[in-house]
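Numbering of ligands and ligand atoms starts at 1, following listing order. Along the sequence shown, residues carry numbers from 1.
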Amino acid sequence: MPRTALIAAMNEELAALLPAIEGARVEPRGGREFWLGRLAGHEVVAVRSGIGKVAAAVTATLLLDHFRADRVLFLGVAGGIGTAVQVGDVVVADALLQHDMDASPLFPRHEVPLTGLSRFPVDAGFSDAVARGAAAALAEHGETAALLGHGCRVHRGLIVSGDRFVATVGESRALRALLPDALAVEMEGAAVAQVCHAFGTPLAVVRSISDRADDTAHVDFGEFLHRVAAPLGLAIVQHALAAA
Ligand code: ADE
């Protein structure tokens, strides 16, 4: 049975998930707590990475090199960048890019030097299962739509990551101009994608949209995190694992 790594950046994003792990055993390593056990009939190792690309990359490396994870699912919240991406929607990555990587003119903007890549891939089959799981979770969590006053959708496409909380209209507009196909912005996914690519390990990234990365992002972010992120995160993972 493959061992699935489950990573989120913050406690709130894992709050419902950790207590649901059966036979949990906690192993500390590298300043993190790795929770090993079973969830939805699968062997899992779950961990809070902390925020930002370095924290995420360290965590992913430990999961792959020490805990021998066979595949990685990163979950959490993100800011909506795509014009059709609303708060409460879910975005499943088709590719991930570091929007703050810029070694130009030595390398093209956004390309990670010496990899030849700006867009890091995900595993298509695993991401399909996660997208199906997200749709099932949204259907089950009607209160999310009720709370927000609109139906919630699952989108597939580019997620961009950088060491910056995007919290102004100007910044999100600039990101959209530079990367017109970006659907969501967060602070970890592309770093995990780079590590998974280096190890040849399948990856999926799923983010529920907490804010529109605009001037009210910090308010929307906090409220969504407390009211929606934890139960929705657990439901997505349970459905995704059952479907994978
Ligand atoms: N995660 C959730 N919202 C975000 C935002 N606006 N910018 C970066 N990361 C986020």
Subset of ligand 1 atoms that lie under 4.0 Å from at least one heavy atom of R164: 8 (C)

Element-labelled atoms of ligand 1 that are located less than 4.0 Å from some non-hydrogen atom of S210: 2 (C), 3 (N)

Residue pair S161 / E188, side-chain donor-acceptor N/O under 3.5 Å: no

Atoms of ligand 1 close to V166 [distance to a heavy atom under 4.0 angstrom, numbered from 1]: 5 (C), 6 (N), 7 (N), 8 (C)

Nearest protein heavy atom with distance in Å, relative to atom 9 (N) of ligand 1: E186 CA, 3.4 Å

Proximal atoms of ligand 1 relative to F221 (non-hydrogen, under 4.0 Å): 2 (C), 3 (N)

For M187, atoms of ligand 1 separated by under 4.0 Å from a heavy atom: 8 (C), 9 (N)

F107 and its side-chain contact (heavy atoms from CB on, under 4.5 Å) partner, picked from V112, L114, T115: L114

Closest protein heavy atom to atom 4 (C) of ligand 1, given as residue, atom name and distance to 0.1 Å: F165 CE1, 3.3 Å

Residue part near ligand 1, for A78, under 4.0 Å between non-hydrogen atoms: backbone

Ion pair check, E22 and R38, cut-off under 4.0 Å: no

Where ligand 1 meets A213 - atom numbers and elements under 4.0 angstrom, heavy-atom basis: 6 (N)

Note, R119 side chain near D94 side chain (heavy atom, < 4.5 Å): no

Nearest protein heavy atom with distance in Å, relative to atom 3 (N) of ligand 1: D211 OD2, 2.7 Å

Check: T216/D220 side-chain N/O donor and acceptor closer than 3.5 Å: yes

Closest approach of S127 to V92 (non-hydrogen atoms, all atoms of both residues): O-CG1, 3.7 Å

Side-chain donor or acceptor of R164 paired with backbone N/O of G162 under 3.5 Å: no

